[in-house]
Amino acid sequence: MQSMQFRHKNSPAPKKFKVVASARKVLLTIFWDMEGIIHIGFLEQGTINSERYVSTLRALKGRLRRVRQDKVKDVVIQHDNARPHTSRQTQCALQQLELPTIPHPPYSPNLAPSNFFLFPLLKKHLKGNHYETDEEVEADVRSWCRYQTPEFFADGMQKLVQRWPLCIERDGDYVEK
């Protein structure tokens with residue numbers, strides 16, 4: 001097969017690299033508190049839209065009733081202003097499910113405990129591992145989460161408590177550490 005590249009007739013042929021399929025991506029949705037993981041979900045294909053997010057919230061509410069039955073009324077959801085979170089459908093579902101939310105400044109990953117605490121440590125654990133299937137990745141993520149102690153999760157939430165006033169002092173500017 002001829003290359004479509006212009007070159008002098010005596011110059012060496014361009015190197016062709018073997019095409020290797022890139023790794024698939026699996027989207028992790030995780031809800032946790034000071035005691036540990038409440039709900040984990042994986043999305044293999046597509047994007048999160050209002051319908052999928054509402055379905056996730058319904059699953060979360062059911063899981064809350066099972067694992068935090070004495071605290072269901074105390075739960076407050078922190079999520080940003082992404083479209084699936086702010087849609088009319090989602091807002092109605094949050095009211096129906098009695099899941100209050102706290103405001104989260106837009107583009108503030110420094111106030112999302114999963115972004116500044118949980119995911120970096122999970123990525124460190126997953127780094128360098130090679131998985132044959134999505135199920136292997138999911139199993140490893142679940143295993144890692146189960147291995148973490150309540151003190152680990154309490155530390156993550158405590159870091160949020162420390163960051164919140166810094167964000168207020170800085171009028172929403174990014175908080176590094």
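Remember, it's a predicted structure, so these values are computed and weren't measured experimentally.
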- prompt: Below 4.5 Å, heavy atoms only, C-beta onward: do L43 and V26 meet side chain to side chain?
  reply: no
field: Partner residues of H39 under the ring pair (Phe, Tyr, Trp, His ring centres under 6.0 Å) criterion, sequence neighbours left out
entry: none
Contact check, side chains of E98 and K73, non-hydrogen atoms, under 4.5 Å: yes
task: Evaluate the side-chain proximity of I37 to R146: yes if any heavy-atom separation is below 4.5 Å, no if none is.
output: no
message: side-chain contact (heavy atoms from CB on, under 4.5 Å) for F31 and L64? Distances and angles first, verdict last.
response: CA-CA 10 Å; F31 292 87; L64 275 168; over 6 Å; no
query: In this structure, are over 12 heavy atoms from other groups packed under 6.0 Å from Q95 atom CD?
result: no
message: Can you tell me how far apart CD (E151) and OG1 (T149) are? Round to the nearest 0.5 Å.
response: 4.5 Å
query: Do any pairs count as a side-chain hydrogen bond (donor to acceptor under 3.5 Å, both in side chains) and have a residue in residues 55-67, sequence neighbours left out, and if so which ones?
result: R58-Q96
message: Ignoring hydrogens, what is the shortest heavy-atom contact between E136 and Y131? Give both atom names and the distance.
response: OE1-CA, 3.5 Å
query: Any donor and acceptor pair, going by atom type alone, linking the side chain of N129 with main-chain N or O of H125 inside 3.5 Å?
result: yes
Closest non-hydrogen atom pair, F152 against F117: O-CZ, 3.3 Å
message: I'd like to check the ring pair (Phe, Tyr, Trp, His ring centres under 6.0 Å) partners of F119; sequence neighbours left out, ordered by chain and number.
response: none
task: Find out whether S50 and R88 are in side-chain contact, i.e. whether some heavy atom of one side chain is under 4.5 Å from a heavy atom of the other.
output: no
task: Report yes or no: does D33 contribute a side-chain atom to a donor-acceptor pair with the main-chain N or O of G36 at less than 3.5 Å?
output: yes
- request: Spell out, yes or no, whether Y147 and L126 are grouped together once hydrophobic residues are joined by side-chain heavy atoms under 4.5 Å, including indirect joins.
  value: no
- request: Taking all heavy atoms of V141 and all of L122, pick out the closest pair and write down the distance.
  value: CG1-CD2, 4.1 Å
message: Quick one, M34 and P150 - any side-chain contact, counting heavy atoms below 4.5 Å?
response: no
- request: Determine the minimum heavy-atom distance between C145 and I30, stating which atoms define it.
  value: SG-CD1, 3.9 Å
task: Work out which heavy atom in P120 is nearest to a heavy atom in S114; give both atom names and the distance.
output: CD-O, 3.8 Å
query: Are I48 and L99 connected, step by step, through hydrophobic side chains (Ile, Leu, Val, Met, Phe, Trp, Tyr) whose heavy atoms are closer than 4.5 Å?
result: yes
query: Do I77 and L60 come close enough that some side-chain heavy atom pair is under 4.5 Å?
result: yes
Approximate separation, where rounding is to 0.5 Å, of Q78 CD and L160 CG: 5.5 Å
field: T90/R83 under side-chain contact (heavy atoms from CB on, under 4.5 Å): CA gap, chis, key distance, verdict
entry: CA-CA 9 Å; T90 299; R83 287 186 184 184; over 6 Å; no
- prompt: Can you hop from F116 to I102 via hydrophobic side chains spaced under 4.5 Å?
  reply: yes
Stepwise side-chain contact (heavy atoms from CB on, under 4.5 Å) test for F153 and E35: CA-CA 6 Å; F153 293 103; E35 296 176 33; over 6 Å; no
Distance-minimising heavy-atom pair for L94 and L57: CD2-CD1, 3.7 Å
task: Using the rule that two of Ile, Leu, Val, Met, Phe, Trp, Tyr join whenever any of their side-chain heavy atoms come within less than 4.5 Å, decide whether V161 and L118 are in one cluster.
output: no
- prompt: With a 4.5 Å limit on heavy-atom distance, are the side chains of R68 and I38 in contact?
  reply: yes
field: Donor + acceptor pair across side chains of S87, Q89 (<3.5 Å)
entry: no
task: For side-chain contact (heavy atoms from CB on, under 4.5 Å), just list the numbers for L27 and F42, CA-CA rounded to whole Å, side-chain angles, deciding distance to a tenth of an Å, and then say yes or no.
output: CA-CA 6 Å; L27 178 67; F42 295 91; over 6 Å; no
